[in-house]
Amino acid sequence: MSRRPAPLRPRLAATAPLLVALAAIAPLLAACGSESAGAGNTGAGAAGSSTRTQIADPGMDGVRITSLTLPTPSPSPTDDYSVSADRLPGDAGISAAYEVTNDGTETLTYSVIFTFMSGDGGSMGNETVTVRDVAPGKTVRGTVRADQLPSSAPLVTGAKVFQVLKVPADEAPAEPGTCPPSGIRVSTDQGDAAMGLRVVGLHLDNCGTGTYTVEGYPLLELLDDNREPVTGIKILDGSGEITTGAGPDEQPRPVTLKPGESATAGLVWRNTTQSGTPVNVPYVRIRAKTGAAPVMVTPGLDLGTTGKLGVRPWKKTELQ
């Protein structure tokens, strides 16, 4: 005699905790006043990849990673302050979703360095993202991709916020390829460091429609982590008191730039540390000349205990 199978019963005991967990996470995923970052910083993982939201990541200065997309299985990370996700079969690449929240009172532009990490916590590569014009009380979301990892590198299993720099939006350097209302674009390069000697180039581009003349040295204001003036540092005209190994300085002279022409200057210092407290200057406010609009750059001056910063004068960039 055959027996009828017993009817299936709902497993409420197993599903209830899951529903409670999802209800707890949902408010964290829907923040008011949010925007998405500009083109090139947004996007989601392709189908077949996996993301897992990490709500315990403390982040830094209003920036935190919310999820990590990885294409294949990986071991669980051990770092409590990193974000992780299981890797599943697929080829979506490696990316991290982030959010930037401005808790201040002025509109800011953020420069953020994200570090992608291996299972042992080692750094596998850094990616820098600029998030512009974040208004007070607003949150901007975006995605950063790990595009430069070598094929022989260990598997990436985590990511973290490594550094956050933020400047007033109206003093931020112009976005590459754009021209500010002043018609003058001021920027810095990545610099050069050797045997404790540091050199960072300042670049002045006339992207406007008229001529622009500068003479002598750019005007600098050194600022600390809170963008307040740094005292006790002597700003020198020229680099001769710092070193003779970086080549002779040009003599200050008028430099007139036609539209499309450029000029360069430079910052020169040593990071020698002896007695005293080392001085680090994350921000520098630059004016090309008296009366020019200020531009705040982030060269990261590690001045040690030298108390000196040399400034080279403007000189016209010769066309190659």
Side-chain angles (χ1 to χ4, degrees), residues 31 33-44 57 59-69 83 93-116 123-149 159-182 184-191 200-205 207 223-227 262 267 280-286 288 293-301:
S34 65
E35 305 171 5
S36 74
N41 293 334
T42 60
D57 174 37
M60 180 188 300
D61 287 345
V63 182
R64 74 183 190 100
I65 296 174
T66 57
S67 66
L68 185 68
T69 298
V83 178
I94 300 169
S95 64
Y98 63 85
E99 62 181 26
V100 178
T101 300
N102 183 357
D103 293 325
T105 58
E106 62 179 331
T107 301
L108 298 172
T109 288
Y110 291 72
S111 177
V112 185
I113 298 178
F114 296 95
T115 298
F116 290 89
S123 172
M124 301 306 303
N126 293 331
E127 298 290 342
T128 302
V129 173
T130 299
V131 183
R132 295 182 176 274
D133 302 328
V134 184
K138 295 294 184 179
T139 294
V140 174
R141 295 183 176 87
T143 300
V144 56
R145 304 184 186 281
D147 294 329
Q148 306 298 325
L149 300 182
K160 66 180 180 180
V161 180
F162 178 73
Q163 183 185 64
V164 178
L165 296 170
K166 46 194 177 183
V167 304
D170 57 358
E171 294 187 36
E175 191 171 2
T178 66
C179 189
S182 66
I184 298 298
R185 185 169 52 235
V186 177
S187 61
T188 59
D189 57 30
Q190 295 298 314
V200 167
L202 305 181
H203 300 268
L204 176 65
D205 304 316
C207 55
L223 305 173
D224 63 16
D225 288 323
N226 296 317
R227 302 189 297 280
S262 302
L267 308 180
N280 293 306
V281 178
Y283 302 98
V284 178
R285 179 179 282 122
I286 300 175
V295 177
M296 193 177 296
V297 297
T298 56
L301 308 181

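What you see below is based on every heavy atom in this structure, not just the backbone, and it leaves out hydrogens, waters and symmetry mates. What you see is a predicted model, and the numbers here were worked out from it, not measured in a lab.
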Contact between [X] and [Y] at the side-chain level, heavy atoms closer than 4.5 Å - yes or no?
X	Y	answer
P136	T107	yes
T66	R141	no
F116	I94	yes
T109	D133	yes
K160	T115	yes

Listed by chain and number, what are the side chain to side chain contact (heavy atoms under 4.5 Å, CB included) partners of [X], not counting sequence neighbours?
X	value
D225	P282
T101	D103, T139
D189	V200, H203

Query raised in the report: Do the side chain of R64 and the main chain of V161 share a donor and acceptor less than 3.5 angstrom apart?
Result: no
Query raised in the report: Applying salt bridge (Lys or Arg N to Asp or Glu O under 4.0 Å), which residue pairs with at least one partner in residues 107-116 are found, sequence neighbours left out?
Result: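 Residue pairs with at least one partner in residues 107-116: there are none.
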[atom1]/[X] to [atom2]/[Y] distance, rounded to the nearest 0.5 angstrom?
X	Y	atom1	atom2	answer
L202	I286	CG	CD1	4.5 Å
D61	Y110	CG	OH	8.0 Å
Q163	T128	CD	OG1	8.0 Å

Requested in this report: With sequence neighbours excluded, tell me which residues meet side chain to side chain donor-acceptor pair (under 3.5 Å) with R132.
Outcome: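 Here no residue qualifies.
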Donor-acceptor pairs are to be reported for all side-chain atoms of residues 169-179 against protein atoms at under 3.5 Å, with residues two or more places apart or in another chain.
from: E171; atom 1: OE1; to: R285; atom 2: NE; distance (Å): 2.8
from: E171; atom 1: OE1; to: R285; atom 2: NH2; distance (Å): 3.4
from: E171; atom 1: OE2; to: R285; atom 2: NH2; distance (Å): 3.3
from: T178; atom 1: OG1; to: E175; atom 2: N; distance (Å): 3.3
from: T178; atom 1: OG1; to: E175; atom 2: O; distance (Å): 2.5

